Structure formats: structure tokens, C-alpha cells
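Small disclaimer: the values here were computed from a predicted structure and weren't measured. In what follows, every chain begins at residue 1, and chains take the letters A, B, ... in the order their sequences are listed.
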Protein chains: 2
Amino acid sequence: MSISTPRGSEEGLHEILRVAAHCFMERGYAETSIDDVARRLGSTKGRIYHFFASKADLFFAVAEEGMDRNFAAIGPYLDAAGRAMDRLKSMALAHTMSMIENRAYQRSVWEGVAIHLRGATTPEQRDRLAALIAYRDSYSDRFRAALKAAKEEGDLQFKDAGIALQLMFLALNSPIFWYSPRHGETVEDRLNLAQQCVEFALRGLGAPAAMAGMTM
Amino acid sequence: MSISTPRGSEEGLHEILRVAAHCFMERGYAETSIDDVARRLGSTKGRIYHFFASKADLFFAVAEEGMDRNFAAIGPYLDAAGRAMDRLKSMALAHTMSMIENRAYQRSVWEGVAIHLRGATTPEQRDRLAALIAYRDSYSDRFRAALKAAKEEGDLQFKDAGIALQLMFLALNSPIFWYSPRHGETVEDRLNLAQQCVEFALRGLGAPAAMAGMTM
DNA sequence: CTTGACAACATACCGAGTAGTATGTCCTAC
DNA sequence: GTAGGACATACTACTCGGTATGTTGTCAAG
């Protein structure tokens, strides 16, 4: 019997991802050192560098995990029949819930996009980042399509589709900036927060109050 | 006649602030080195440390300059007579224009708030940051009051005032994330962008479409 | 016209930390 | 019992914030 916890390689890797996500969320990418993550893990750098080629590699893995969870969250609603507006609303709610419940990962996604906009450093990292951005673009395209469809069905009205998409996402993403879990909080509490974000976003996009609300 | 440009101390200080704001915007606080700023200035660290006690001191000065400009922007509308909704709309538009036109400084404000939420490092910096946050809170209180008044006059409807404020500010602040100046752009173009943000925010807060729009 | 005091920087350097590596060690599966 | 996966330990090379000191232009007093 050893003192250190025995781990399967799969589980060990995901534990690193989880802890890294928390560190990146709390201090940001640049200000988080590999030793910080290792300390939080109760281990040393060796363990991290055994699984990840570099600090950037670890960071991208965290961000990609976040995007994976987003896709998983909205997946069930992508091909829902019925009015585009209802589909959009379901997607938006699932997305916002993912923001709340995977907050740590989502902040890395956010920071990754920000780093990309600044222009990454090495060409290798640039490619990896570009892939993350492409992944994220294909995600936002799902919303763009739903947005366009809802507008054509007369349920939304806005001028510039690009700006509308930006504004909508920022409203839906906003919990990653201000949300923090309260003691004794339930899923309903989180749903309530998410619904307020979705209602704000849909009304902002010009949805009739009756459709933007959550009385379904 | 000397090779180096002669500068009054006032002008030199503001040039440092301007260049530092650009560096912080492009690479973020942590990833910007003092030498980066100095290089961009065409000088050395000595010049910066002559005016600012530390890197953090420089950063806070940039952020405070940003907040100063925000206060200056909304000042003319704070005590406007008439409906609260109209006052709120004017303030929101002025605020958003300030976001666009002082984008570099505003990103430092944003990052400063983010750093504060993570918990600052040294107690000295903590105080300075707390002052910045207090400055910013007193700013947002102006909007909170206008929001409350407009709701009481029946022009807005939302559940949680805190969340409503967060969502509104995020929509109005959003240009600092996605805006970048286009070649040959005019003030009208920027006003158009700002108006879309304001309309989105006000509609999101439950304003009637007729009041949220910009046909005044 | 000289002098010296001061502001406004530049130059050279130090100490602390950081990413990454090379190597060692334990433990398990076969 | 031995090969390899999963780490730990001990380094190296380098960057960055900050400081101590040097240099130059300016301007006022004598």
C-alpha cells in the first residue's frame, strides 16, 4: 500500500485538466506557473510534463475540453423541429448553463480566443490556437444559423447579424465573469440565473416579450 | 540641439500612459514587460521608473485614466431633466462611445477589475486596486440609479437589479472585445455601432421597442 | 559667464522566479 | 524478474521586475 493515490492514466489526466482549469480561471494563463498547478495537485511538474508537452499544450487541452462540453450541451437541441425561435432559446439556455457549470474551462476558452486575437507566439501554437478558434467558430455558426432562421420567421429583428451574434454571446457568456457558486445552491438557482441571461439576450435581439420569457 | 526629443514632464507622462495602454491592450498586463513598453516608447526602463514606482503603479494609472474619461463622457447627462429612460439612454450611448474611443484604457480597467476579483497580491496594490474598484462602483451606481428610476416609471422590467446591471454593462462594454477601427471610419460609423449596443441593452432590460430605438 | 543643483532620462546589474530537461525511482503487469 | 508506465528530483538557461548609478540638458543664482 503506497501513500500516494494510485491513479489510472485516464483519471490522472482528467484530474490534471480539472485542476489546471481552476488555476487558469483564478489567475489567468500567464500568471499561472506549471509549479502552481503541480502544487495544487499535490505533486510536481514531472507529472504534468509526463502528459503534456508544454504549458501551452496543457492550456489548449483545457480550452478544448471546454468546447467539447459546450457542444455536448447544445447537441440535443440542434435538430429540434418546430419554430427556430424555440430551438434558439433551448440552445441558448443549454449554452448558458454550460457556462455556469463549466466556468473554469470556459474562462480558458475565453482567454484562448483573446490570445488568438492578439496573435500567438510560436507558429506551432498558432496552429493549435487556430484549430481551437475554428472549433469555436463552427459552434457559433450553429447559433448564427438559428438566429438567421428566427429572424426570417419574423421572431427577431436586428440590424447587423455579426454584431447581434457578438452581443448575444456576450450576454450568454456573462456568468463566467460574475457568477460564483453560493452555499447550498441548487440546479434551479442556476437555471434561474441562466434564464435571466437568455431572456435579456432574446429581448435584446428583438424577440416579443411573450417569446423571450421562460413560461414554457 | 539634442538628438532625443525634448519633452515637458506633463507631456512625457501622458505619452507613457498612452503607449502603456496600447501594450496592455495588445498583450495583457502579465504578458507585457516594462521593457516592452520602453521599446515601444523608443526609450528605456529608466524613463518609466522615473515617473512610476512600479509596473503595477503604471497599470493603475492607465486604468484610472480610463475611468476618468468615462466620468467625463457621461457627466453632461447625469442631471438631465425629463424621463429617466431618456437619461439612461444618453448615458449608455456616451458610455459605449467612450468604450470605443478609449478602447486601450478600457481594457486595462476591465483587466484591473478581473485582477481584483482574483485577489490582488501585495497589500499596497490591494489598496490601490480597491480604490479603483470603488471609483468604478460609484460610476456604475449612476447607472444603477437611472435603471431603478426608469423601472419605477414603468419603462423597464427585469427581475434581479444586480444581474440586470451586469448584463447591461457587458453589452455596452462589448466593443472593447470585438471592435477594431476600420480604415476611413467616421464618427458616424462608431455612433452606429454604439447605438446597436445601446438598443440591444435597453430592449434586453425590457424597454418598449419604440423607446429603445434611436429615432429621437 | 560660470557654477551647481536638479530633472529627465540611460546603462549596467542583481535576485527571484519560470519553462523545460535529464535522470532517477517506485510500482505494477506480465 | 524484468520491462515500462507514472511519476519525483535536481538541475539549466533565461526572462523580468526592480535598483543603483552614470550622463546629459536646463535654468537660476551669483
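- Considering only the side chain of K55(B), dG17(D) comes nearest among dT21(C), dC9(C), dG17(D).
- Backbone-only engagement by S33(B) is indicated by non-hydrogen atom pairs under 4.0 Å involving sugar-phosphate atoms exclusively.
- The aromatic rings of W110(A) and F177(B) stand perpendicular to each other, their planes meeting at an angle above 60°, with 30° marking the opposite boundary.
- Atom CG in D35(B) sits roughly 13 Å away from atom C1' in dT19(D) (whole-Å rounding).
- The aromatic rings of F71(B) and Y139(B) sit perpendicular, their planes meeting at an angle over 60°, well past the 30° parallel limit.
- Closest to the side chain of K45(B), from the set dT19(D), dC7(D), dA10(C), is dT19(D).
- Considering only the side chain of S43(B), dC9(C) comes nearest among dC9(C), dC7(D), dG20(C).
- The distance between atom CZ of R39(A) and atom P of dG17(C), rounded to the nearest whole Å, is 10 Å.
- Separation of the F158(A) and F200(B) ring centroids does not fall under the 6.0 Å cut-off.
- Which of dC7(D), dT11(C), dC9(C) sits closest to the side chain of T44(B) comes down to dT11(C).
- Regarding contacts with the backbone of dC9(C), every side-chain N or O of H50(B) stays at 4.0 angstrom or more from both OP1 and OP2.
- Checking dC7(D), dG20(C), dG18(D) against the side-chain heavy atoms of S54(B) singles out dG18(D) as nearest.
- Separating the CG atom of L41(B) from the C1' atom of dA10(C) is a distance of 14 Å, rounded to the nearest angstrom.
- The aromatic rings of F143(B) and H95(B) lie perpendicular to each other, with more than 60° between the two planes, well past the 30° mark.
- In this structure, I16(B) places its CD1 atom 9 Å from P of dA10(C), rounding to the nearest Å.
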